[in-house]
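Shown next, in structure tokens, is the structure this report addresses.
Since the structure is predicted, the reported quantities are computational estimates derived from the model, not experimental observations.
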Amino acid sequence: MKNFITYILFSFLLLTSAISFAQKTEPKKIDYTSDRSYKDEEKYPGAFILAKIDNQVYFNHEGIEVWCDQAIFYKESDFFKAYGNVKMKQGDTINMTSDYAEYNGQTKFAFASTDVKLTTPSNTLTTDTLFFDRIKQESFYRSGGKVKDTASTITSVVGRYFMEQEKYSFKRDVVVTNPDYVINSQQLDFYSATGNAYLYGPSTITSENNKIYCERGYYDTRNDKGYFVKNSTVYYDNRKLQGDSIYFNQAESFASATNNIKVTDTANQSIIRGHYAEVFRDKDSLFITKRAIASMKQELDSIHIHSDTLMITGKPENRIIRGFYHSKMYKSDMNGKCDSIHINEKTGLTQMIGKPVVWSGNSQMTGDSIHLINDRKTEKMDTLKVFYNAFMIQKDSIEGYNQVKGKEMYGLFDDENQLSEANFIKNTETIYYSFDDEGTLIGINKAISSSIKILFDEKNVSDIYYNTDAENILYQESDFPENARRLRGFNWRGDEQIKSKQDLFSDEAPLNLPKIKGIPLPKEEEYFFEERDEEDGELLNENSRLSPEMLQHRETDEIVKDSIPQQKKMKNIPLKKKKESK
């Protein structure tokens, strides 16, 4: 008897639980109120026609409220079509208005058309037609739409709003219009709460003073800051900055770039390269380091400047280039090294400081500082000046060294950019190997004079002129001791000579470049019109204004192929055909 009672109680509890579960899972029906309700079975079989007299028709279904002037309500299938001054509200965050809307209570799928406006706390979307899936909490348009944010207006052909993430995904002909700039992109993911935008595919940001191009990037539309990777370029008035990654701050007119940087200056016909750079547009200045090299065109040749750090400042007509630490210079007919270098492009003056050395032709010149002066009209070398401890060495064919030293030296260049004349003044000394016309060594000449003038022909010394009262002695080679054949201060640095552009980096260790923190590809989302389980029901009600084709995914819903990786492809929704009208 006791077991029987226990069985009865267990069965009762099981039945009660089943009934309770069924009550919990059974979808709620659509509630409504209307001033007027009638039927017209001939035109709308099985439907109630609801109309406004004093108050709008009102629907309520699981947190969504709808108002309209007139509605066709299919109560059995929980579906209605709303007409005139339609307003749809979900909680405190989503408000939508339109001229027409329909809603399927079984699938919680809505559609609105004509003057559609969807409003959230941070933005407003307007479009011609809008699909709204309450289960996924997503809305979608493919006929063109516009979103107005607190700072910008965004338009696109295709758009999708993920309500829980407060994220828009705009595709095809995306345009962001801001008072200070315009963004054009193939795909742009926009987070409305923060104003952050992620750009995918060929994209540009254009303002009055600059233009940015990238194929993947991030932009803070409210603070005008961005980070760009993949073929990124910033264009200024006459300067173009490229790099593996670029940070940009519009308000401060500042940009920085990392790895494989190239700065092209069209006004001065120069290219600067390196692996880290900072650009200040308002100050017209550039800072670049890590294998920094500036290449500037001069007539039919180019001069290349390399330093640990390069700084370029000033407007194009008054530009200054500074190189700090381990500076090197290479030109096809001249090269040199020093600790620091200063170039004034307006005056054509190049100053080399800190153990400078210059090689021109067969001659090596050293001193406390060296100045090279370029003729700005002809863009050819004009003058070379060596201040304090000027020393010129030219290696002789028999392993000897022609040498000239003095307090200062002033040199002139010919039309071929070759040193044609050198004038040494104050306390000058020379050691010169003299040959006859057949190339036989005559002797070694040692001289002391107050000043010396040297002429060059085909890069070699052709004549030497001494000032009056010069002490000049010609020694036979055998009579001139080896230890006397080098003047005090002699320092031949021929093994350091830079013979090609590549030699500028010959004594540097390989660079270990930082790894760029990239911007991830857009998340692979399922199509908005994805396949549903049978128990979820069909999205399309048989009485809907929509056709089955309108709820199919289209190729035009995606951006142009090859712009970015395509989204994961899902199966199309199996839809029933609409019944033919009687």
Side-chain angles (χ1 to χ4, degrees), residues 16 18-121 125 129-140 161 163-164 532-546 551 576 578-579:
T16 303
I19 293 170
S20 176
F21 179 77
Q23 288 175 342
K24 288 180 181 178
T25 57
E26 176 138 2
K28 292 182 179 179
K29 305 295 281 186
I30 295 175
D31 292 330
Y32 72 97
T33 59
S34 176
D35 291 347
R36 184 183 180 193
S37 175
Y38 63 96
K39 287 190 172 187
D40 185 341
E41 290 294 332
E42 185 175 348
K43 289 185 67 176
Y44 306 105
F48 290 95
I49 302 172
L50 311 178
K52 168 188 174 182
I53 296 179
D54 295 319
N55 301 298
Q56 281 192 301
V57 178
Y58 173 75
F59 294 97
N60 188 324
H61 184 250
E62 297 186 8
I64 191 168
E65 299 176 277
V66 180
W67 294 263
C68 63
D69 292 343
Q70 186 177 9
I72 310 298
F73 180 37
Y74 296 87
K75 190 173 183 179
E76 291 300 318
S77 57
D78 254 8
F79 174 79
F80 66 79
K81 296 189 284 188
Y83 301 85
N85 299 309
V86 180
K87 179 181 178 182
M88 187 177 293
K89 182 178 181 181
Q90 178 181 273
D92 297 327
T93 57
I94 302 296
N95 289 278
M96 185 176 72
T97 60
S98 63
D99 285 347
Y100 172 80
E102 56 183 59
Y103 178 72
N104 188 333
Q106 294 180 357
T107 59
K108 298 183 181 180
F109 189 83
F111 167 76
S113 66
T114 312
D115 296 329
V116 182
K117 181 183 289 186
L118 177 69
T119 304
T120 72
L125 162 66
T129 57
L130 185 70
F131 303 92
F132 181 20
D133 189 328
R134 292 189 64 209
I135 293 177
K136 294 196 294 185
Q137 285 294 288
E138 296 177 12
S139 59
F140 175 80
Y161 181 47
M163 296 175 188
E164 293 179 351
R532 287 192 172 210
D533 296 333
E534 292 183 4
E535 61 184 30
D536 292 334
E538 304 274 354
L539 288 182
L540 184 62
N541 185 275
E542 60 185 4
N543 296 294
S544 172
R545 175 187 285 188
L546 302 172
L551 271 68
K576 293 180 180 178
K578 293 177 66 175
K579 290 184 178 180

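- Here the closest heavy-atom approach between residue Y74 and residue A47 is recorded as CE2-CB, 3.4 Å.
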Side chain to side chain contact (heavy atoms under 4.5 Å, CB included) between L130 and Y161, worked out: CA-CA 10 Å; L130 185 70; Y161 181 47; over 6 Å; no
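- Atom NZ in K29 sits 11.5 Å away from atom CD in E62 (nearest 0.5 Å).
- For the atom pair CZ (F79) and CG (N104), the distance works out to 6.5 Å, reported to the nearest 0.5 Å.
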Any chance you could lay out the side chain to side chain contact (heavy atoms under 4.5 Å, CB included) test for W67 and K52, step after step, and finish with the verdict? CA-CA 10 Å; W67 294 263; K52 168 188 174 182; over 6 Å; no
Please output the side-chain donor-acceptor pairs of residues 83-94 that fall under 3.5 Å, not counting sequence neighbours, one pair per line with the distance.
unit_1: N85; atom_1: ND2; unit_2: D69; atom_2: OD2; d: 2.6
unit_1: Q90; atom_1: OE1; unit_2: R134; atom_2: NE; d: 3.2
unit_1: Q90; atom_1: OE1; unit_2: Q137; atom_2: NE2; d: 3.2
unit_1: Q90; atom_1: NE2; unit_2: Q137; atom_2: OE1; d: 2.6

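- Minimum interatomic distance between S113 and S98 (heavy atoms only, all atoms of both residues): O-CB, 3.7 Å.
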May I have the step-by-step check of side chain to side chain contact (heavy atoms under 4.5 Å, CB included) for F131 and F109, ending in yes or no? CA-CA 8 Å; F131 303 92; F109 189 83; 4.0 Å; yes
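- Checked against the 6.0 Å centroid threshold, F59 and F80 count as a close aromatic pair.
- Residues satisfying the side chain to side chain contact (heavy atoms under 4.5 Å, CB included) criterion with S34, sequence neighbours excluded, are L50, V57.
- The two residues E41 and P45 come nearest to each other via the heavy atoms OE1-CA, 3.2 Å.
- Between atom NZ of residue K136 and atom CE of residue M163 there is a gap of 11.5 Å, rounded to the nearest 0.5 Å.
- Residues Y103 and A110 share a closest heavy-atom pair of CD1-CB, 3.9 Å.
- In this structure, the ring-ring contact (aromatic ring centres under 6.0 Å, His included) partners of Y32, at least two apart in sequence or on a different chain, are F73.
- Counting non-hydrogen atoms of other residues, nucleotides and ligands closer than 6.0 Å to CD of E76 gives a total of 12 or fewer.
- Between the CG atom of N95 and the OG1 atom of T119 there is a distance of 6.0 Å, given to the nearest 0.5 Å.
- Ion pairing between a basic and an acidic side chain is recognised when a charged N comes within 4.0 Å of a carboxylate O; R545 and E102 show no such pairing.
- Note that the CG atom of N55 and the CG atom of D35 stand 5.0 Å from one another [nearest 0.5 Å].
- A heavy-atom distance below 4.5 Å is not found between the side chains of V116 and T97.
- A donor-acceptor contact shorter than 3.5 Å is absent between the side chain of D115 and the backbone of D99.
- Taking CZ of F111 as the start and CG of L546 as the end, the distance is 4.5 Å to the nearest 0.5 Å.
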